[in-house]
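Just so it is clear, the structure is predicted and the values come from calculations on it, not from any experiment.
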Amino acid sequence: MDAGPDGPTGTAGPTEDEVARLAEERARLQAEVDNLRAQVNDVRTRRAGRPRRIATAALVVATSLVFTVAVTGVWARRNVLDTNRWVGTVGPVVEDPAVQAALGSWITNELMVVIDPEDVFENALPERGQVLAAPLSNAVRGFVNNAVDRFLASDAFERLWVEVNRIAHERAVAVLEGDTGDGLQIEDGQVVLNLVPALNQVLAEIGEASPEIFGRTVDLPTITVDEVSADAIDKLEAALGRDIPDNFGQFTVFEASRLRQVQEAVDLFNRLVVVTVVAAVALAALSLWLAPRRRRTLIQLMVGIALGVVVVRRLGLRLSDDIVDFVEPENRDAVKVAVDAFISTLMDATAW
């Protein structure tokens with residue numbers, strides 16, 4: 001066998017082009033293998049992280065719901081059970097004309113029962129003049145109503161309104177939280193608020209402006225907000241020399257038979273507010289800790305809470321309309337002013 005310069009005949013090595021082609025093929029195959037391995041690892045990672053993503057999504061939903069309830073509960077507790085915020089809300093309400101009109105009508109009706117001008121005229125007028133008793137009584141009613149309106153527009157009434165609301169609210173909350181006081185009594189199966197001191201001051205203003213309206217000079221007693229309604233009414237009866245209804249100057253809050261249920265509901269509400277606030281913070285922290293992508297989870301939490309706030313706003317507006325529709329037509333304007341004063345704080349908080 002002849003040998004050439006490069007070795008035996010038929011055993012020549014691969015050319016440079018073949019070596020390059022094989023290298024490229026090897027690199028291509030290696031790339032495909034690496035890509036397949038990456039895909040397998042990605043699938044394994046996704047399968048391994050799927051429970052975490054599901055758990056995170058569930059936590060985001062739960063956090064949004066609990067946070068929505070917590071915000072509503074904190075708002076309700078601060079604005080309904082906190083006396084300072086209550087007074088700060090209802091204080092300016094009395095300046096509204098609709099509220100003054102409703103209060104003026106109620107106070108006038110209460111005072112006309114005490115004054116009873118028709119009885120005075122029937123005793124003072126001769127028999128032939130008895131026909132004038134009714135029109136003269138209407139005239140007295142107009143006088144009393146004007147005097148009441150002037151008093152309602154005075155600074156003295158604004159101060160009285162704030163003080164009455166402060167004391168009434170403190171005692172109402174005390175009763176709801178299980179402590180019965182002198183300002184709220186259980187009478188004839190009802191829990192009532194005693195507003196006789198407020199009416200006594202209005203009565204004193206009217207008597208000072210026109211002493212003859214009682215038919216004689218009357219020295220009205222001093223009635224403090226700490227006195228129970230029965231004692232206050234007894235003092236007025238002694239001063240005026242006439243009987244006064246037992247429910248004079250009092251608002252029924254709720255039936256005494258349901259007092260225990262209301263107290264339990266308030267206690268449960270206070271506990272739930274604390275629990276929901278703590279749960280909202282804990283669930284938010286747990287969601288971010290468990291999330292594979294914390295930035296995306298944070299955005300989801302913000303969106304969920306925003307949607308919950310929108311729901312709260314809509315429910316607040318709906319509740320306001322329902323409350324107004326529930327009361328008597330003649331009182332709806334005044335009730336709407338009061339309800340709007342409370343709902344506006346919720347609207348401001350949720351808008352922020």
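- Taking the salt bridge (Lys or Arg N to Asp or Glu O under 4.0 Å) definition, one finds that Arg314 meets it with nothing, sequence neighbours left out.
- A side-chain donor-acceptor contact under 3.5 Å links Ser287 to the backbone of Leu283.
- At a threshold of 4.5 Å between side-chain heavy atoms, the hydrophobic network of Ile, Leu, Val, Met, Phe, Trp and Tyr places Val144 and Trp106 in one connected group.
- If you chain together hydrophobic residues whose side chains sit under 4.5 Å apart, Val61 and Ile305 never meet in one group.
- A ring-ring contact (aromatic ring centres under 6.0 Å, His included) check over residues 265-306, counting only residues at least two apart or in different chains, returns nothing.
- The list of side-chain hydrogen bond (donor to acceptor under 3.5 Å, both in side chains) pairs with a residue in residues 84-100, not counting sequence neighbours, reads Asn84-Arg166.
- Between Phe157 and Phe151, the shortest heavy-atom contact is CB-O, 3.0 Å.
- Panel note: side chain Asn145, backbone Arg141; no donor-acceptor pair is recorded below 3.5 Å.
- Distance check: Gln300 CD to Leu59 CG gives 11.5 Å after rounding to the nearest 0.5 Å.
- Sorted pairs that involve residues 302-312 and meet side-chain hydrogen bond (donor to acceptor under 3.5 Å, both in side chains), not counting sequence neighbours, are lacking altogether.
- The two residues Val196 and Ala232 make their nearest non-hydrogen contact at CG1-CB, 3.7 Å.
- With contacts defined as side-chain heavy-atom distances shorter than 4.5 Å, the pair Leu288/Leu301 qualifies.
- The minimum heavy-atom distance between Ile233 and Phe248, with the atom names listed, is CD1-O, 4.0 Å.
- Under a cut-off of 6.0 angstrom, the local environment of CZ in Phe67 is sparse, with at most 12 non-hydrogen atoms contributed by other residues, nucleotides or ligands.
- The distance from the CG atom of Asp243 to the CD atom of Glu237 is 5.5 Å, given to the nearest 0.5 Å.
- Residue Ile244 holds its CD1 atom at 10.5 Å from CD of Glu110, rounded to the nearest 0.5 Å.
- In this structure Arg271 satisfies the salt bridge (Lys or Arg N to Asp or Glu O under 4.0 Å) test together with Asp267, sequence neighbours excluded.
- Within the 4.5 Å cutoff, no side-chain heavy atoms of Leu236 are placed close to those of Val114.
- With hydrogens and angles disregarded, a donor-acceptor distance shorter than 3.5 Å links the side chain of Asn200 to the backbone of Pro221.
- A side-chain donor-acceptor contact under 3.5 Å links Asn146 to the backbone of Gly142.
- For Arg313, the CZ atom sits in a packed shell: over 12 heavy atoms of surrounding residues, nucleotides or ligands are nearer than 6.0 Å.
- With rounding to the nearest 0.5 angstrom, the CG atom of Leu286 is 7.5 Å from the OG1 atom of Thr63.
- Leu65 and Val309 are assigned to two separate hydrophobic clusters, defined by single-linkage of ILVMFWY side chains at heavy-atom distances under 4.5 Å.
- Val277 and Leu272 fall into different hydrophobic clusters, where Ile, Leu, Val, Met, Phe, Trp and Tyr residues are linked whenever their side-chain heavy atoms come under 4.5 Å apart, directly or through other members.
- The heavy-atom pair separating Leu111 from Val148 by the smallest distance is CD1-CG2, 4.0 Å.
- Considering every non-hydrogen atom in both Val66 and Thr276, the closest pair reads CG1-O, 3.4 Å.
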For residues 68-76, dump all side-chain donor-acceptor pairs below 3.5 Å to protein atoms at least two apart in sequence or in another chain.
unit_1 : atom_1 : unit_2 : atom_2 : d
Thr68  : OG1    : Ser64  : O      : 2.7
Thr72  : OG1    : Thr68  : O      : 3.0
Trp75  : NE1    : Thr345 : OG1    : 2.8

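- The structure places CG of Leu152 at 5.0 Å from CD1 of Ile107, a figure rounded to the nearest 0.5 Å.
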